[in-house]
Amino acid sequence: MKTTNEIVRTLKIKKPNPLVQLLFNFLARLLYYKRCRVSIDRRVDLKQFAKKPVIVVANHSSRMDYAFVNFAMKGRRINFVAAENEFHRSHLKTVFRWAHVIPKKNFVPDITT
């Protein structure tokens with residue numbers, strides 16, 4: 001049986017499944033948007049980037065960045081980068097695999113990311 005580290009290192013990263021992302025967006029909207037009074041000030045028209053790759057850099061103000069960035073990107077299918085140690089948390093491990101989250105080693109240059 002593979003260890004969590006071996007599983008994380010051999011993950012095949014693809015675009016997230018649209019149904020899984022829809023489910024996560026629905027849950028985030030239900031749990032966070034109204035409670036946190038989320039509003040988005042879009043100064044960039046996202047339609048011009050519809051067919052182009054985009055890198056979004058969040059300031060990582062919380063663990064809810066995923067929910068807020070998804071809201072801002074209007075449901076575009078997004079892969080996120082998360083610390084490799086987060087894959088060891090039992091409640092995140094499966095969710096991260098479903099969302100095709102990209103693992104990154106903390107505090108070191110990680111070329112494979």
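Values below: every heavy atom of this structure, side chains too, minus hydrogens, waters and symmetry copies. Because the structure is a prediction, the values reported are computed rather than measured.
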Going from CG on Asn79 to CD1 on Ile102, what distance comes out if it is rounded to the nearest 0.5 angstrom?
4.5 Å
State which residues pass ring-ring contact (aromatic ring centres under 6.0 Å, His included) with Tyr32; sequence neighbours excluded, sorted by chain then number.
none
Straight-line distance of Asn25 CG to Leu30 CG, nearest 0.5 Å:
12.0 Å
Residues which pass side chain to side chain donor-acceptor pair (under 3.5 Å) with Asn85, listed by chain and number, not counting sequence neighbours
Asn106
Which residues pass the ring-ring contact (aromatic ring centres under 6.0 Å, His included) test with Tyr33, sequence neighbours left out?
Phe71
For Asn70 and Ile78, the nearest pair of non-hydrogen atoms, with its separation, is OD1-CD1, 3.4 Å
Leu92: partners by side-chain contact (heavy atoms from CB on, under 4.5 Å), with sequence neighbours left out
Glu86, Arg89, Phe96
Check side-chain contact (heavy atoms from CB on, under 4.5 Å) between Asn17 and all other residues, then give those that pass, not counting sequence neighbours.
Leu19, Val20
Salt bridge (charged side-chain N to carboxylate O under 4.0 Å, His left out) against Arg43, all qualifying residues, sequence neighbours excluded:
Asp41
Considering all heavy atoms, the nearest Gln21-Arg77 contact:
OE1-CA, 3.1 Å
Of all the heavy-atom pairs spanning Phe87 and Ala82, show the shortest one and how long it is.
CE1-O, 4.2 Å
Decide whether Met73 and Phe49 are clustered together by the hydrophobic rule: side chain heavy atoms of Ile, Leu, Val, Met, Phe, Trp, Tyr closer than 4.5 Å, transitively.
yes
Which heavy atom in Ala99 sits nearest to a heavy atom in Pro16, and how many Å separate them?
O-CG, 3.7 Å
Which atom of Pro53 lies closest to which atom of Arg76, heavy atoms considered
CA-NH2, 4.0 Å
hydrophobic_cluster_shared for Leu23 and Val95, side chain cutoff 4.5 Å:
no
